[in-house]
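Both backbone and side-chain heavy atoms feed into the values below; hydrogens, waters and symmetry mates do not. Proteins get letters first, then strands, A, B, ... in listed order; numbering begins at 1 in each. Keep in mind that this is a model prediction, so the values were computed, not measured.
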Amino acid sequence: MAKLDPAQVEVGLELPPVSKFITQEKINKYAEASGDFNPLHIDPEFAKTTMYKGTIAHGLMSVAFLSEMMSRWAGSVWMAGPSQMEVTFLAPVRPGDTVTAKGKVTDKSIEDGKVRFTCEIWCENQEGQKVIAGKSQVVV
Amino acid sequence: MSEEKYLLWDDAYVGMEFPSVTYELTQETVSKYAEAVEDDDSLYRDKAMAAQSEFGGLIAPPTIAAIFVLDAINRSAKRAPGGVHAKQEFEFLAPARPGDILTTTAKIIDKYLKKERRYTIFETETRNARGELVVRGKMTTIWAR
């Protein structure tokens with residue numbers, strides 16, 4: 001994994017995006033991995049009877065996409081910590097959607113000889129609608 | 001499940017603490033999770049590559065915390081179905097690794113009504129068997145009742 005050179009990063013930099021195509025099969029896999037078998041996610045017949053009119057992905061799948069974007073950009077410091085992310089769930093993600101994790105650097109500060117980057121992060125669907133949004137911090 | 005076993009929002013209070021919940025993170029779960037979210041980083045699934053990394057072995061994707069943190073809250077603070085997960089915050093302090101026994105404690109740090117919706121914020125702390133703090137979380141949730 002390439003190491004991020006903080007000297008090369010300025011406020012305003014856009015992070016390389018990460019895109020995922022969502023299928024019911026992938027949602028089912030996430031349900032199996034997480035143990036979250038809420039029928040809203042995995043049972044199309046039940047989900048039709050809800051306000052969503054169909055199955056939706058676990059919101060935390062999109063959180064994983066944001067984390068992957070951060071790790072691909074910042075490198076192993078993202079996993080090693082201390083790092084932080086906070087998000088608000090805004091809209092459902094459905095099978096057939098393409099979700100793209102995006103972000104940009106909004107602050108850069110020096111702390112104990114290290115550089116702390118703050119980023120605005122969000123996931124949007126194929127229509128450009130934000131489905132989840134928040135911010136992240138990583139120390140390099 | 002009988003209805004009286006659910007914790008109701010009216011009975012929840014700021015400072016309320018819940019019994020800790022222990023979770024064994026297996027390589028199988030790490031692999032399934034990484035596959036489901038399509039993250040092919042070798043640190044999660046390639047033992048030989050991970051051994052040569054700064055971590056000296058396999059680790060789990062940071063957001064796998066979603067699994068054991070939600071599991072802990074849902075098991076220790078049983079709420080009626082139909083709630084909504086509104087916000088989530090994670091502070092990653094050390095990587096979780098396959099084979100870790102992770103213990104999560106949860107407490108309520110805020111409770112409020114907004115637009116007639118019933119909110120609480122749960123704060124969680126997850127430690128590994130060596131006592132190291134792995135992840136701190138804050139989950140904002142809207143209660144069904």
(message) With chain B as the partner, which of A/G59, A/A31, A/S67, A/S83 has the greatest number of non-hydrogen pairs under 4.5 Å?
(response) A/S83
(message) Less than 4.5 Å to any heavy atom of chain A: does that hold for the side chain of B/F55, its backbone, both, or neither?
(response) side chain
(message) Using ring centroids (six-membered ring only for Trp), state whether B/W9 and B/Y112 fall under 6.0 Å.
(response) no
(message) Quick check on B/I64 against chain A: is it the side chain, the backbone, both or neither that has a heavy atom closer than 4.5 Å?
(response) neither
(message) Taking side chain as everything from C-beta outward and backbone as N, CA, C, O, which of these in A/F65 sits under 4.5 Å from a heavy atom of chain B? Side chain, backbone, both or neither.
(response) side chain
(message) Ring centres under 6.0 Å, that's the criterion: do B/Y44 and B/Y33 meet it?
(response) no
(message) Counting only non-hydrogen atoms closer than 4.5 Å, does B/P95 touch chain A with its backbone (N, CA, C, O), its side chain (CB onward), both, or neither?
(response) both
(request) Report the option among B/E28, B/R136, B/K87, B/K32 that has the most heavy-atom pairs separated by less than 4.5 Å from atoms of chain A. (result) B/K87
(message) Taking every non-hydrogen pair under 4.5 Å, which of B/V135, B/V37, B/V84 racks up the most with chain A?
(response) B/V37
(request) Select one option (side chain, backbone, both, neither) describing which atoms of B/I59 are under 4.5 Å from chain A's heavy atoms. (result) side chain
(message) Once you measure the plane-to-plane angle for B/W143 and B/F122, does it fall in the parallel (<30°), tilted (30-60°) or perpendicular (>60°) bin?
(response) parallel
(message) Quick check with a 6.0 Å cut-off and a 45 degree axis cone: is A/K102 positioned over the face of A/W122's six-membered ring?
(response) no
(message) At a heavy-atom distance under 4.5 Å, which candidate from A/K26, A/M85, A/K135 has the highest pair count against chain B?
(response) A/M85
